[in-house]
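Below you'll find the structure, written out as structure tokens, and then a few comments.
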Amino acid sequence: MNLYQVAYHHASTHGVSTAVHIPDSPDPVPDSVLHRLHPEEAKHAKTLRGYRQVQYVGGRIALRRACEQLGVRPPPLLTDDRGAPILPKGVAGSVSHKKTLAIAMVANANDGTLGVDLEEYEPMRLSISSHVLTPSEELTIAELPDERRWIAIVLRFSIKESIYKALDPYVNRYVGFHEAQVEPDLNGGAKVKLNLVNGEGPFTVDAKYKWIAGRLLTSVRIKPLPSTGG
Ligand SMILES: CC(C)(COP(=O)(O)OP(=O)(O)OC[C@H]1O[C@@H](n2cnc3c(N)ncnc32)[C@H](O)[C@@H]1OP(=O)(O)O)[C@@H](O)C(=O)NCCC(=O)NCCS
């Protein structure tokens, strides 16, 4: 496996993405890799330690490569005060990382904000369900045969993390897992109903999921709905 090199590129109607191999190790990122970032990104990377540094660097390499797929030569892709990556004007984008892979997706910002999340199938963590699911989602899951429960939970969990990232620019606050109801379909999409506690919106929310090489990739696009007036 070529560390900090592209694992794959992917395209969907939500955007183009690039995945980069990262080491499952807290060792400092070598200077030869840091040099591939914009100097301002590398300066920030040097303030980070252990796995956090590895993930940030992998994510930024992925984000730069994804921007290049759009034909955009990115300026320094820094981080805003809520932790989200700052993209060039006109570009929406999002980053996620898991143990050995970092991924970034970018798209035209005219179609709304973008959130992306990567999850691994294993280990199964059935115990997260009460934290992540609404009571009605829990009822749906309870009706499933045991072997289908984890997939149903991780799909909802990941789509909600993607929702969080896409929603953040509009609401600028922590959004809890119970503020969205997610019903995945069998075609890589999901019906999403937001129940935002502060009543923000309305928004259109478009969610997608795909299994790529044993990992779940979810993405969400969010756009404010035009006000109906009155
Ligand atoms: C912020 C959060 C979604 C990040 O997810 P995670 O699984 O911990 O980590 P991931 O690797 O998937 O994502 C990390 C990336 O998220 C992005 N990110 C962090 N905060 C963000 C924010 N407020 N808005 C958008 N993107 C954000 C960053 O790009 C970060 O990577 P980077 O620092 O290297 O650039 C998660 O920590 C969290 O707080 N979740 C609870 C809230 C939630 O999901 N609610 C559901 C609402 S329906």
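Order of listing sets the numbers, starting from 1, for every ligand and every atom in it. FYI, side chains are in, hydrogens and waters are out, and symmetry mates aren't considered; it's all heavy atoms of this structure. None of these values were measured; they are calculated from a predicted model. Residue numbers count from 1 along this sequence.
- On a distance-only criterion, Arg82 and ligand 1 share at least one N/O pair closer than 3.5 Å.
- At a cut-off of 3.5 Å, with distance as the only test, a side-chain donor of Arg215 or Thr100 sits close to an acceptor on the other residue.
- With salt bridges taken as basic N to acidic carboxylate O contacts below 4.0 Å, one links Arg125 and Glu119.
- Taking only nitrogen or oxygen atoms, main chain and side chain alike, Thr79 does not reach within less than 3.5 Å of ligand 1.
- Per-residue contacts place Pro85 under 4.0 angstrom from the following atoms of ligand 1 (heavy atoms of the residue considered): 29 (O).
- The part of Arg60 lying near ligand 1 is the side chain, judged by heavy-atom distances below 4.0 Å.
- Interatomic distance, CD of Glu41 versus OG1 of Thr79, reported as 8.5 Å (0.5 Å rounding).
- For Thr134 and His178, the side-chain atoms include no donor-acceptor pair closer than 3.5 Å.
- Of all the heavy atoms of His178, none lies under 4.0 Å from any atom of ligand 1, so neither backbone nor side chain is involved.
- Taking distance alone, with nitrogen or oxygen atoms compared against 3.5 Å, Gln55 stays at or beyond that limit from ligand 1.
- Near Asp117, meaning under 4.0 Å from one of its heavy atoms, ligand 1 places the atoms 12 (O).
- Nearest heavy-atom pair across Ala92 and Leu114 is O-CD2, 3.9 Å.
- Under the 4.0 angstrom criterion, atom 8 (O) of ligand 1 counts as lacking any protein heavy-atom contact.
- Considering each of Pro169, Ser158, Gly83, the one bringing a non-hydrogen atom nearest atom 28 (C) of ligand 1 is Gly83.
- Taking a cutoff of 4.0 Å between a charged side-chain nitrogen and a carboxylate oxygen, Lys43 and Glu40 do not qualify as a salt bridge.
- Of all the heavy atoms of Val175, the ones lying under 4.0 Å from any atom of ligand 1 are found in both the backbone and the side chain.
- Of all heavy-atom pairs between Tyr51 and Ser25, the closest is CE2-N, 3.4 Å.
- Atoms of ligand 1 found under 4.0 Å from any heavy atom of Ala180, numbered from 1 in the order shown, are 48 (S).
- Electrostatic pairing of Lys165 and Asp168 does not count as a salt bridge here, judged by no charged N lying under 4.0 Å from a carboxylate O.
- For atom 18 (N) of ligand 1, the nearest protein heavy atom lies closer than 4.0 Å.
- The Tyr56 neighbourhood of ligand 1 comprises atoms 34 (O), with distances under 4.0 Å to a heavy atom of that residue.
- Without hydrogens or angle criteria, Asn187 side chain to Gly189 main chain gives no donor-acceptor distance under 3.5 Å.
- Asp117 and Ser158 share a donor-acceptor pair across their side chains, judged by distance under 3.5 Å alone.
- Within the 4.0 angstrom cut-off, atom 5 (O) of ligand 1 has one or more protein heavy-atom neighbours.
- Residue-ligand proximity, Tyr174 to ligand 1, at heavy-atom distances under 4.0 Å covers atoms 41 (C), 42 (C).
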